[in-house]
*Asks:* 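First the structure, then my questions, so here it is.
For the numbers below, each heavy atom of this structure counts, side chains included, while hydrogens, waters and symmetry mates do not. Quantities reported herein were computed from a predicted structural model and do not represent experimental measurements.
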Amino acid sequence: QVQLVESGGGLVQAGGSLRLSCAASGRTFSRYAMGWFRQAPGKEREFVTGIGWIGTDSTYYADSVKGRFTISRDNAKNTVYLQMNSLKPDDTAVYYCAVARTPYTDYVKRSYEYDYWGQGTQVTVSS
């Protein structure tokens, strides 16, 4: 049974920082790309950032967060992190982590390319 559990969300003022964590179990996650998506009220879920499998560990970001957010992974702990700096009110959303459907892949940006999702964690940025 694959499980993803996010934590670290909360309320922060604009310009502040938060660090999200996603603890994974039930799969050899080092073989899979991992990603973060977000969904704001009334909007579709959108890609935020992803990291390739351990063979590449490449990182890729949506233009809206480039330079402010950093994704990383600790394969020994089966955990993916999202460091969010210089937060803006537009970053307010529920954030979801996900694991890619196919192993040994990279630059996985589309939601249908992921097959397991966490329950989400709320991030609220006040102005």
Side-chain angles (χ1 to χ4, degrees):
Q1 180 89 10
V2 175
Q3 285 191 319
L4 302 174
V5 179
E6 301 102 334
S7 60
L11 173 65
V12 65
Q13 287 189 330
S17 298
L18 281 175
R19 188 194 195 204
L20 306 183
S21 299
C22 173
S25 62
R27 182 179 277 184
T28 306
F29 285 94
S30 59
R31 300 176 185 172
Y32 293 83
M34 301 287 292
W36 287 94
F37 288 73
R38 66 186 182 187
Q39 187 167 18
K43 295 187 177 181
E44 293 188 354
R45 188 173 298 188
E46 65 174 359
F47 171 79
V48 176
T49 179
I51 186 166
W53 70 290
I54 193 174
T56 68
D57 262 357
S58 59
T59 58
Y60 32 101
Y61 299 88
D63 288 343
S64 59
V65 306
K66 205 171 290 184
R68 300 187 298 121
F69 290 12
T70 303
I71 188 172
S72 61
R73 65 192 298 167
D74 184 335
N75 292 304
K77 295 182 179 180
N78 275 349
T79 301
V80 176
Y81 303 98
L82 179 59
Q83 178 67 44
M84 304 185 294
N85 298 328
S86 302
L87 282 161
K88 306 175 181 179
D90 284 350
D91 295 318
T92 295
V94 177
Y95 283 72
Y96 300 89
C97 70
V99 59
R101 185 181 305 276
T102 305
Y104 312 117
T105 55
D106 205 355
Y107 293 101
V108 185
K109 296 185 177 181
R110 296 175 177 83
S111 60
Y112 65 80
E113 296 177 295
Y114 291 84
D115 61 350
Y116 288 98
W117 297 76
Q119 82 287 352
T121 185
Q122 177 70 46
V123 171
T124 303
V125 184
S126 62
S127 57

*Asks:* For a quick test of reading the model, state the closest non-hydrogen atom pair linking Asn85 to Ser17 and the distance between them.
*Replies:* OD1-OG, 2.9 Å
*Asks:* When hydrophobic residues are tied together by side-chain contacts of less than 4.5 Å, even through go-betweens, does Tyr107 share a cluster with Phe37?
*Replies:* yes
*Asks:* Answer yes when Asp63 and Lys66 have at least one side-chain N-carboxylate O distance shorter than 4.0 Å, and no when they do not.
*Replies:* yes
*Asks:* Where the side chain of Arg101 meets the backbone of Tyr112, is there a donor-acceptor pair that is under 3.5 Å apart?
*Replies:* yes
*Asks:* Working to the nearest 0.5 Å, report the span between CD of Glu46 and OG of Ser111.
*Replies:* 11.5 Å
*Asks:* To the closest 0.5 Å, what do you measure between SG (Cys22) and CG (Asn78)?
*Replies:* 10.0 Å
*Asks:* Given 3.5 Å as the limit, does a donor-acceptor pair link the side chain of Glu6 with the main chain of Cys97, or not?
*Replies:* yes
*Asks:* Can you tell if the side chain of Ser64 reaches within under 4.5 Å of the side chain of Arg38, non-hydrogen atoms only?
*Replies:* yes
*Asks:* When you group the ILVMFWY residues by side-chain heavy-atom contacts below 4.5 Å and let the links chain together, are Leu4 and Ile54 in the same group?
*Replies:* no
*Asks:* If you count heavy atoms of other groups shown closer than 6.0 angstrom to CZ of Arg68, is the number above 12?
*Replies:* yes
*Asks:* Taking Arg73 for its side chain and Ala33 for its backbone only, find out whether a donor-acceptor pair lies under 3.5 Å.
*Replies:* no
*Asks:* Taking Val12 as the starting point, is it possible to reach Met84 by hopping between hydrophobic residues whose side chains are less than 4.5 Å apart?
*Replies:* yes
*Asks:* Are Ile51 and Phe47 linked, directly or through intermediate hydrophobic residues, by side-chain heavy-atom contacts shorter than 4.5 Å (ILVMFWY only)?
*Replies:* no
*Asks:* Please report the shortest heavy-atom distance between Val123 and Gly9, naming the atom on each side.
*Replies:* CG2-CA, 4.2 Å
*Asks:* To the nearest 0.5 Å, what is the distance between CG on Leu20 and CD on Gln83?
*Replies:* 9.0 Å
*Asks:* Under the ring-ring contact (aromatic ring centres under 6.0 Å, His included) rule, what pairs show up with a residue in residues 74-100, not counting sequence neighbours?
*Replies:* none
*Asks:* Using a 4.5 Å cut-off on heavy atoms from C-beta on, say whether the side chain of Thr79 contacts that of Phe29.
*Replies:* no
*Asks:* Flag this pair as yes if the NZ/CZ of Arg27 is under 6.0 angstrom from the six-membered ring centre of Tyr32 and inside a 45 degree cone about the axis; otherwise no.
*Replies:* yes
*Asks:* Indicate, with yes or no, if the rings of Trp36 and Phe69 have centres closer together than 6.0 Å.
*Replies:* no
*Asks:* If you look at every heavy atom in Ser127 and Ala14, which pair is closest and at what distance?
*Replies:* CA-CB, 4.3 Å
*Asks:* Are the side chain of Thr92 and the backbone of Val125 linked by a donor-acceptor contact shorter than 3.5 Å?
*Replies:* yes
*Asks:* For residues Gly35 and Tyr114, report the shortest heavy-atom separation together with the two atoms involved.
*Replies:* N-CE2, 3.5 Å
*Asks:* Is there a continuous path of hydrophobic side-chain contacts, each under 4.5 Å between heavy atoms, that joins Trp53 to Val108?
*Replies:* no
*Asks:* How about Asp115 and Val2: do any of their side-chain heavy atoms sit closer than 4.5 Å?
*Replies:* no
